[in-house]
Amino acid sequence: MSERSEYRYLIIGGGMVADSAARGIRELDPDGPIGIVAEEETPPVARPALSKKLWTDASFAFDDAWLDTEADTGATRLAGERAVAIDRDERVVRTEHGIELRYEQLLLATGGTPNTAGLPDDDRIVCFRSVEDYRRLRRLSGDGRHVAVVGGSFIGTELAAALVQNDTRVTLIFPDAVLGGSKFPSGLASRFQGMYERHGVTLVPSARAAGAEVEPDGAVRLALSDGSEVSCDAVVVGVGVTPNIELAGQSGLDTDDGVLVDARLRTSDPRIFAAGDIASYPDEILGRRRIEHVDNAVEMGHRAGRNLAGADEPYDHTPFFYSVVFGHRYEAVGTLDSSFETVEQWDGERGVVYYVDGDRVAGVLLWGVAGRRDAARDAIAHADASDREALRRRIPTKDDD
Ligand SMILES: Cc1cc2nc3c(=O)[nH]c(=O)nc-3n(C[C@H](O)[C@H](O)[C@H](O)COP(=O)(O)OP(=O)(O)OC[C@H]3O[C@@H](n4cnc5c(N)ncnc54)[C@H](O)[C@@H]3O)c2cc1C
């Protein structure tokens, strides 16, 4: 570990925002010392690969997932160090091992902690987020073993698809009546669920995990909310994350469900910025919100880094998010909530779905359609959804290439 205890730029959290922020700083300040306080032992990694490419793309090596933050930016990473207090008057961060780090500018980038669904802490129960979780799930799966996946949103559906394609028997437990039913219109949700059925995933709809016991022989008995039980070799949980905002709250910074920042990503303390999964920011199109997706982490982290180094630029990027299952990629901007009215346009397997809230568009789903994110942003910002036919034709279902 470095002996340095003063940094011009200090970042708390060693994830995707830390990487993009360090790169943003370096665009304006080639040599100001950057420190990264990182609870995780492993360096910043492209997390999306942990639930997709590392399982499904044989040409993608593990080393391709590392972000190479330290080599590319010269930042010093204090690995395995958890920040536990911020003295804002002294401008000092304290870690749980008693290290004191002075900063000139501070960035909070602490991400989220995966929810446990109330299941016990055990080696065979993986609440999935990190490289270590990926390695553990690899050890616990394959060779025909049986893994129960809890959660039908992004992480759950991606891991269920990944595991079943890697010699693993998969049972997927999810609360919707149809997989994807709370996000997608009903026809698409049926087709989405059909992909899992065709690949041999056992689906348990309308259910949640209610408890688990690990037997002495290593078998896991997973109790479900519908009274049934799944016996398996391991459980992987993907039921959302809780943003790590306690440190900000304890330090007296303003928070709601995230750390409140202004358009320049400053918290209520002008020397402290926040970005990524923890930041509640004023999106130019979508309004104030907190987004737990990679495009937001990369773009917001980059902008925060530039602002730490004095740029004073607003974060004016409305992020998209994406997922890939069984080779089908979808992207979206805004809110995907099937309780909104949906307007759909399909051309074979490619489609655009508009989520309509009164005469406005709340979200756009691009299913298998590339290069139309700006058109989706434009629809949310400007479309008059009262003319449903005009809306249906607004974004072509062909790629913009
Ligand atoms: C498996 C997986 C797959 C994903 N796939 C997609 C995808 O396909 N599409 C998409 O749009 N998004 C995806 N995401 C979401 C995306 O990766 C996150 O939005 C992004 O990583 C957020 O970056 P962050 O820096 O805010 O948080 P993180 O990358 O989680 O980094 C936060 C870091 O801070 C550390 N930390 C927390 N508290 C402290 C402390 N007090 N002191 C020191 N360190 C601390 C944590 O240990 C962690 O390492 C995925 C996420 C995961 C987990």
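The basis for the numbers below is simple: all heavy atoms, side chains too, and nothing from hydrogens, waters or symmetry mates. Both counts, for ligands and for their atoms, begin at 1 and track the order of listing.
- Donor-acceptor pairing under 3.5 Å is recorded for the side chains of Thr242 and Asn115.
- Residue Ala83 has at least one nitrogen or oxygen atom sitting less than 3.5 Å from a nitrogen or oxygen atom of ligand 1, judged on distance alone.
- Ring-centre distance between Tyr9 and Tyr103: not below the 6.0 Å cut-off.
- Residue contacts with ligand 1: Asp295 is placed with no nitrogen or oxygen under 3.5 Å of a nitrogen or oxygen of the ligand (distance criterion only).
- Comparing Glu158, Glu39, Lys52 against atom 36 (N) of ligand 1, the shortest heavy-atom distance belongs to Glu39.
- Compare Met300, Arg129, Arg329 by their heavy atoms: the one nearest to atom 30 (O) of ligand 1 is in Arg129.
- Contact annotation for Val84 and ligand 1: no heavy atom of the residue comes within less than 4.0 Å of the ligand.
- Ion pairing between Arg394 and Asp378 holds under the 4.0 Å rule for side-chain N and carboxylate O.
- At a 4.0 Å heavy-atom cut-off, ligand 1 touches Ile12 through the side chain alone.
- A distance below 6.0 Å separates the ring centres of Phe154 and Phe321.
- Counting heavy atoms closer than 4.0 Å to ligand 1, residue Met16 contributes atoms from both its backbone and its side chain.
- If you check each of Lys53, Glu40, Glu96 against atom 48 (C) of ligand 1, the one with the closest non-hydrogen atom is Glu40.
- Between atom 35 (C) of ligand 1 and the options Ala21, Gly13, Ser20, the minimum heavy-atom separation is to Gly13.
- Remark: aromatic rings of Tyr134 and Phe128 are distant, center separation not under 6.0 Å.
- Sorted by first and then second residue, the ring-ring contact (aromatic ring centres under 6.0 Å, His included) pairs with a member in residues 171-190 read Phe184-Phe192, Phe184-Tyr330, Phe184-Trp367; sequence neighbours excluded.
- Within the 4.0 Å heavy-atom criterion, the part of Ala297 lying near ligand 1 is the side chain and not the backbone.
- The aromatic rings of Tyr315 and His317 sit tilted relative to each other, their planes meeting at an angle between 30° and 60°.
- Residue contacts with ligand 1, taken as heavy atom pairs separated by less than 4.0 Å, involve Val17 via backbone and side-chain atoms alike.
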